[in-house]
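So the structure is just underneath, and the comments pick up after that.
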Amino acid sequence: MIELIWEGKYIDGKRQAPSRISLPFQTTETVNESAADRQRNLELFSSGRETEQRNQLIWGDNKYVLAALLPDFAGKVNLIYIDPPFTTGQDFSFNATVPSYHADGSEEPTVFTKQPSIIEQKAYRDTWGAGDDSYLQVMYERLTLMRELLSDTGTIYVHCDWRKNSALRLILDEVFGSKNFMNEVIWKRDSAAKGAKKTSRQWSREGDNILVYRKQEGAFFEQVYITELTNTQLREYMYEDPDGRKFKKVTLGDYSEESIRQFRKQNLIYKTSSGREYKKYYLDEARFAIGSIWTDIVNLSKGQHEQVGYLTQKPEELLDRIIRASSKEGDIVLDCFAGSGTTAVVAEKLGRRWIACDLSRFAIHTTRKRLLSVPRVKPFAVQNLGKYERQAWQAAEFQSGGESALEQQGQRDAAYRRFILDLYRATPIGGYQWLHGLRSGRMVHIGAVDAPVTLADVKAIAREVWKAADAGSTKKSAADVLGWEFAFELNETAREVAAQSRVDVTFKKIPREVLEKRAVEQGDIKFFELGALSVESKVNKRELTIKLTDFVIPIDDVPEDVRKAIEHWSQMVDYWAVDWNYKDDTFHNQWQSYRTRADANINLSTRHEYDDGGEYRVVVKVIDILGNDTTKTLAVTAK
């Protein structure tokens with residue numbers, strides 16, 4: 001076998017295997033799940049039984065996500081479609097929109113290109129930082145894991161173009177075996193040469209390559225046919241029966257005598273004036289098996305209703321053909337470079353189960369909105385690796401020499417806090433349980449790797465801030481609270497508690513970029529303050545009305561020249577959802593309103609009627625135009 005070798009494939013003569021750290025998923029939201037389904041899953045979980053499997057939309061690095069899927073899905077995925085980076089530099093960019101504040105449409109929305117986040121830039125550097133070598137290693141590792149996930153009758157489609165199709169073909173030959181190569185589909189995505197292509201001194205590049213491999217012999221495949229004929233094909237149907245039914249004649253060839261007798265009984269034989277016989281093929285029954293060159297699927301262009309702002313977005317018709325051909329209803333379809341979510345959307349429409357993953361938070365948000373637009377969309381879970389990924393990072397990054405497990409963890413926690421304080425440019429301090437540093441006269445608290453900052457934490461922090469002020473350690477009663485996650489009820493409630501204690505508190509998110517060594521080395525770490533959401537609620541007997549009244553977020557990622565288009569806080573709201581009866585399990589999306597390309601308006605208020613009186617906790621989640629979320633919790637009483 002021919003083997004492709006690249007720098008990093010072998011170290012000290014040993015082939016480098018993909019990471020197989022199996023981390024459990026954290027569900028941050030369930031979407032479109034009924035109250036009855038929710039209660040049933042709670043009962044199953046509390047009794048230790050397996051809960052119902054939901055479709056999964058996962059935010060995270062597919063290097064970790066694929067390994068995390070193995071325990072539950074090894075040998076169970078029926079179809080994989082991936083559209084990995086093409087080294088165009090556009091793979092993590094997207095077009096964000098500031099909608100017009102004027103509902104009458106008198107002003108056009110403002111569109112700007114959102115550049116990749118630091119974590120996305122890091123992923124791109126890891127993939128292309130060493131040129132072909134790093135890209136090939138990334139793809140080799142992921143394709144190895146994907147093969148393990150495929151069922152024995154499964155198929156993988158790898159979408160690429162002229163840049164990397166030859167290298168990927170060799171890697172796929174190695175991972176899947178050259179005998180399991182099924183075909184190379186050529187998709188003519190562009191029309192005939194136009195613009196600069198007209199004057200190019202070479203043949204214009206108008207097609208993409210889709211490499212198709214099976215896990216082993218016996219892969220499921222159902223031929224797809226086309227019924228719309230070309231003019232050339234139509235001209236072949238020049239003959240007519242007495243009733244006007246058109247047909248074409250085809251030589252009998254190798255048909256058996258028995259078959260020909262059956263054709264005569266069915267009036268499917270045409271005899272010429274010379275007595276020669278042919279088989280009739282009727283126009284109204286005509287269909288042609290689709291081959292490996294696809295010219296009938298048009299690529300997306302500006303203004304089409306499918307477009308959601310992704311430069312690399314593929315048309316639904318393309319995925320529809322692939323999913324119909326290589327999977328059945330109820331089969332599992334996986335896309336771990338999900339992008340705008342086309343694979344998950346089409347799989348949902350065709351009755352397949354699906355798993356979609358992407359590193360971009362905005363990609364997850366875009367996919368969620370597209371899925372909600374599918375009529376009768378089945379419940380799905382939004383997940384990440386959250387605290388488990390951070391725990392693995394902490395254990396690997398901060399070594400300890402303690403004798404007991406407790407002592408080792410204590411040393412790792414201390415090293416971790418010093419690391420974050422250094423990134424935040426704060427000075428470490430001792431003598432406190434809840435305060436870890438000092439910056440510009442403000443005390444600093446570093447949240448734990450594996451737990452959200454809670455209201456109880458804030459109360460304890462406020463008490464120690466006063467203690468520090470009394471001791472003269474700081475001139476003002478103020479604290480910055482840094483955390484990976486913040487409890488739902490935190491936002492304004494915690495600020496109010498701190499204000500009652502006359503402590504000025506700000507909450508800042510520790511960014512995921514902290515996990516990436518290169519981002520840290522480059523000084524690319526920014527700690528953004530949490531968004532502030534104001535919600536008004538009114539209860540009339542059992543009917544609850546809630547209304548968004550204010551939303552403030554940092555707009556550092558919005559270009560300076562675009563900010564002038566923001567006339568009102570509501571323009572920053574792209575989507576909001578409500579869990580009418582939050583039960584401390586996960587956020588259940590039971591109502592939502594969001595902007596689409598077709599309708600940029602959004603409802604800022606909603607109503608809900610409870611079946612029974614009682615005390616309820618309501619959680620409101622708002623997602624801004626860049627895909628970041630902010631939550632607020634309300635306590636209501638229905639009578």
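- Although no hydrogens or angles enter the test, the distance criterion places no donor-acceptor pair under 3.5 Å between the side chain of Asn62 and the main chain of Leu66.
- The backbone N or O of Val382 lies less than 3.5 Å from a partner atom in the side chain of Thr28, making a donor-acceptor pair.
- Expressed to the nearest 0.5 Å, how far OG1 of Thr631 lies from CH2 of Trp576 amounts to 14.0 Å.
- When the shell of 6.0 Å around CZ of Arg439 is examined, it contains more than 12 heavy atoms from other residues, nucleotides or ligands.
- At least one side-chain heavy atom of Leu482 sits less than 4.5 Å from a side-chain heavy atom of Ile420.
- Side chains of Asp83 and Thr343 form no contact here, defined as non-hydrogen atoms less than 4.5 Å apart.
- Applying the salt bridge (charged side-chain N to carboxylate O under 4.0 Å, His left out) rule to Lys369 yields the partners Asp574; only residues at least two apart in sequence or on another chain are considered.
- For Asp480 and Arg442, the salt-bridge test passes: some basic side-chain N is under 4.0 Å from an acidic carboxylate O.
- Shown here for Ile429 and Gly437, the closest heavy-atom pair between the two residues is CG1-N, 3.6 Å.
- The two residues Tyr594 and Ile602 make their nearest non-hydrogen contact at CA-CD1, 4.0 Å.
- Put simply, the side chain of Asp335 does not reach to within 4.5 Å of the side chain of Ile80, judged on heavy atoms.
- Side-chain atoms of Asp12 never come within 3.5 Å of backbone atoms of Lys14 as a donor-acceptor pair (strictly under, hydrogens ignored).
- A heavy-atom distance below 4.5 Å is found between the side chains of Ile546 and Trp580.
- For the residue pair Asp413 and Gln409, a side-chain donor N or O sits within less than 3.5 Å of a side-chain acceptor on the partner.
- In this structure the side chain of Leu438 reaches within 4.5 angstrom of the side chain of Met443, judged on heavy atoms.
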### Message
Walk me through whether Glu397 and Leu515 qualify under side chain to side chain contact (heavy atoms under 4.5 Å, CB included).
### Response
CA-CA 9 Å; Glu397 192 71 22; Leu515 306 183; over 6 Å; no
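- Here the straight-line distance linking atom CD of Glu148 with atom OG1 of Thr144 works out to 7.5 Å at 0.5 Å rounding.
- Going from atom CD1 of Ile625 over to atom CD1 of Ile566 covers 6.0 Å, rounded to the nearest 0.5 Å.
- With contacts defined as side-chain heavy-atom distances shorter than 4.5 Å, the pair Tyr575/Asn589 qualifies.
- Scanning for ring-ring contact (aromatic ring centres under 6.0 Å, His included) contacts around Tyr424 gives Phe527, with sequence neighbours left out.
- For Arg595 (side chain) and Val573 (main-chain N/O), a donor-acceptor pair under 3.5 Å exists by modelled atom type.
- Taken to the nearest 0.5 Å, the CD atom of Gln433 stands 10.0 Å off from the NE2 atom of His445.
- Distance check: Ile21 CD1 to Lys63 NZ gives 8.0 Å after rounding to the nearest 0.5 Å.
- In this structure, Ile82 and Met146 have side chains that are in contact, with non-hydrogen atoms separated by less than 4.5 Å.
- Taking the six-membered ring where the residue is Trp, Phe380 and Trp354 present tilted rings, their angle falling between 30° and 60°.
- Residues Ser537 and Leu544 approach most closely at CB-CD1, 4.1 Å, considering heavy atoms.
- Gln571 contributes a side-chain N or O that, together with a main-chain N or O of His568, makes up a donor-acceptor pair within less than 3.5 Å.
- A distance-only check finds no donor-acceptor pair linking the side chain of Arg54 to the backbone of Pro379 [under 3.5 Å].
- Smallest separation of non-hydrogen atoms from Phe587 and Lys621: CZ-CB, 3.8 Å.
- In this structure, the separation between OG1 on Thr27 and CD on Gln56 is 7.5 Å, given to the nearest 0.5 Å.
- Side-chain N or O atoms of Thr549 include one that pairs as donor or acceptor with a backbone N or O of Ser534 at under 3.5 Å.
- One N or O on the side chain of Glu407 and one on the backbone of Glu403 form a donor-acceptor pair closer than 3.5 Å.
- Although no hydrogens or angles enter the test, the distance criterion places a donor-acceptor pair under 3.5 Å between the side chain of Arg370 and the main chain of Ser340.
- Ring centroid separation for the pair Trp59 and Phe25 does not come in under the 6.0 Å cut-off.
- Other residues, nucleotides and ligands place more than 12 heavy atoms under 6.0 Å from the CD atom of Gln16.
- For the pair Asp629 and Arg361, the minimum side-chain heavy-atom distance is below 4.5 Å.
- Under the 6.0 Å cut-off for aromatic ring centres, Tyr135 and Trp6 do not qualify, their centroids lying 6.0 Å or more apart.
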